[in-house]
Number of protein chains: 2
Amino acid sequence: MITLTEENYIKAIYHLGNNGENIVNTNAIAEEMRTKASSVSDMIKKLSEKNYVDYKKYQGVTLTADGKFVAINIIRKHRLWEVFLVEKLNFSWDEVHEVAEHLEHIKSEKLINQLEAFLEFPKHDPHGDPIPDKEGNFHHIEKIVLSKAEIGTVYKCVGVDDTSTSFLKYLDSNKIALGTLITIIHKEPYDNSIKIRLDDTEIVVSQSVAKNLYLEMVN
Amino acid sequence: MITLTEENYIKAIYHLGNNGENIVNTNAIAEEMRTKASSVSDMIKKLSEKNYVDYKKYQGVTLTADGKFVAINIIRKHRLWEVFLVEKLNFSWDEVHEVAEHLEHIKSEKLINQLEAFLEFPKHDPHGDPIPDKEGNFHHIEKIVLSKAEIGTVYKCVGVDDTSTSFLKYLDSNKIALGTLITIIHKEPYDNSIKIRLDDTEIVVSQSVAKNLYLEMVN
DNA sequence: AAATATTTTTAGTCTTATCTAAATTTTATT
DNA sequence: AATAAAATTTAGATAAGACTAAAAATATTT
Ligand SMILES: [Mn+2]
Ligand SMILES: [Mn+2]
Ligand SMILES: [Mn+2]
Ligand SMILES: [Mn+2]
């Protein structure tokens, strides 16, 4: 039996360790979980006893295969619920995260598999993040960040790195959504801002925007 | 802030006290919650301090207006999720209760109101129980229990009292569902069994079945 | 290589929700 | 009305998950 709190720790470790690949430090987890390092130490011991993480004192943790499986399953649930909220319940993409944070802990294989079928097996959540299938396999797409895009080329917007309400609302107000076509017009070396053409307008986006928007080549 | 456990206790008190009307005893709550009377005493004290119940030592509890409001809201969520599971995710009516038991605790006004709209404002859950609206009003229908039905009359099946898997599966196997038309053919005084006509068959149901099936007059 | 700074762990508390055992109150029976 | 039985509450423990303060280990500077 795994608790809600353990699930959240495992998910945090998965994300902080670049999808379960790298070692993660105590302080990093504490910051991500908005708790204290001492609480993290306690929890790490428990996760280690339950074989969700490999742990040597003072040396940080990595997820075991079991831990990765748990993490991927929670992410699967989180993202499927996000799709449900946007597609069926008219939530906007900046409203879904908090509710999904709770829904992801509902434990029912049948529920999540039927939900996936009901949503017609979506491959990406409302922020463009891939949804793992029942076996934990991700559907990867070739994407680059806007700040690395090339002048004159046409791209399609396929994801965001920052999922904060303020960034998503910024995109809304500038008519940028997943699927929007973007042509790179000019890259300003002075401040790394980028001028782009959308449907019928041209706008300049700052470096911080350009670093948080993912694009896919259009052929 | 109300915890998941507090919500479950309040719901239990609501049901045991005939929808929040009667006094409920400690032992009854303990049995319903599958816990010990001493734990119930502790929780009652907390609920009383938070003004969800009126409580005098050794005299049992009743829900306050606040307590009733909480209870009705959880029931609203529970039943809407049950409808969702049956209508959209192909759960059968004997599979929904356990999952709804968890989903009912997700805290988001928007989520539940949008879900209600998505389901087109259902008035009853898959077991025929009424779903309160946002303000807590129930939609009541005139229903009687099969054991009190009159010979020769045609009724429509509108609900069940027992929602156990075994009873619901019994009804399934006898082709009795919500909406099924039932004509009373004979009431056997010896064992209180009842012979009924369904679509094209006639069956005899025992007293315990007859006491758990709700009917509505058809004119 | 010491000294200092940072990170991590341990020790000791707190709260919530549970339990068992014992004490108390209420109810039922003689 | 006294006694026995049943219901309820209290007392004292436990486990999970958090915290603060202090100790220990590791990393960084001098
Ligand atoms: Mn979560
Ligand atoms: Mn997302
Ligand atoms: Mn519940
Ligand atoms: Mn129901």
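Computed over heavy atoms, backbone and side chain alike; hydrogens, waters and symmetry mates excluded.
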Quiz prompt | Atom-to-atom span, NZ of Lys45(B) to P of dT8(D) - whole angstrom | solution = 14 Å
Practice problem: Return yes if the base of dT20(D) and the side-chain atoms of Ser38(A) contain a donor-acceptor N/O pair under 3.5 Å, otherwise no. | Solution: yes
Quiz item: In whole angstroms, how far is the C1' atom of dT10(D) from the NZ atom of Lys57(B)?
Solution: 8 Å
Practice problem: Mind checking Asn25(B) for me? I need base, sugar-phosphate or nothing, with any heavy atom below 4.0 Å counting as a touch. | Solution: sugar-phosphate
Quiz prompt | Ion pair check, Lys11(B) and Glu32(B), cut-off under 4.0 Å | solution = no
Quiz item: Over how many whole Å does the gap from Met43(B) atom CE to dT9(D) atom P extend?
Solution: 14 Å
Practice problem: Round to the nearest Å and state the distance from Lys56(B) atom NZ to dT26(C) atom P. | Solution: 12 Å
Quiz item: Is there a side-chain contact between Glu116(A) and Arg76(A), using heavy atoms and a 4.5 Å cut-off?
Solution: yes
Exercise. Just call it for Thr26(A): base, sugar-phosphate, or nothing, with non-hydrogen atoms closer than 4.0 Å on any strand.
Key: sugar-phosphate
Quiz prompt | Lys/Arg-Asp/Glu bridge criterion (N-O < 4.0 Å) met for Lys107(A), Glu7(A) | solution = yes
Practice problem: Could you tell me the separation between the CG atom of Asp42(A) and the P atom of dC19(D), rounded to a whole number of Å? | Solution: 11 Å
Quiz item: With sugar-phosphate meaning primed atoms plus P, OP1 and OP2, does Ser39(A) contact a base, only sugar-phosphate, or nothing at under 4.0 Å between heavy atoms?
Solution: base
Quiz item: Do Lys88(A) and Phe84(B) meet the cation-pi criteria used here (NZ or CZ under 6.0 Å from the six-membered ring centre, within 45° of the axis)?
Solution: no
Exercise. Rounded to the nearest angstrom, tell me the gap between atom OH in Tyr55(A) and atom P in dT10(C).
Key: 6 Å
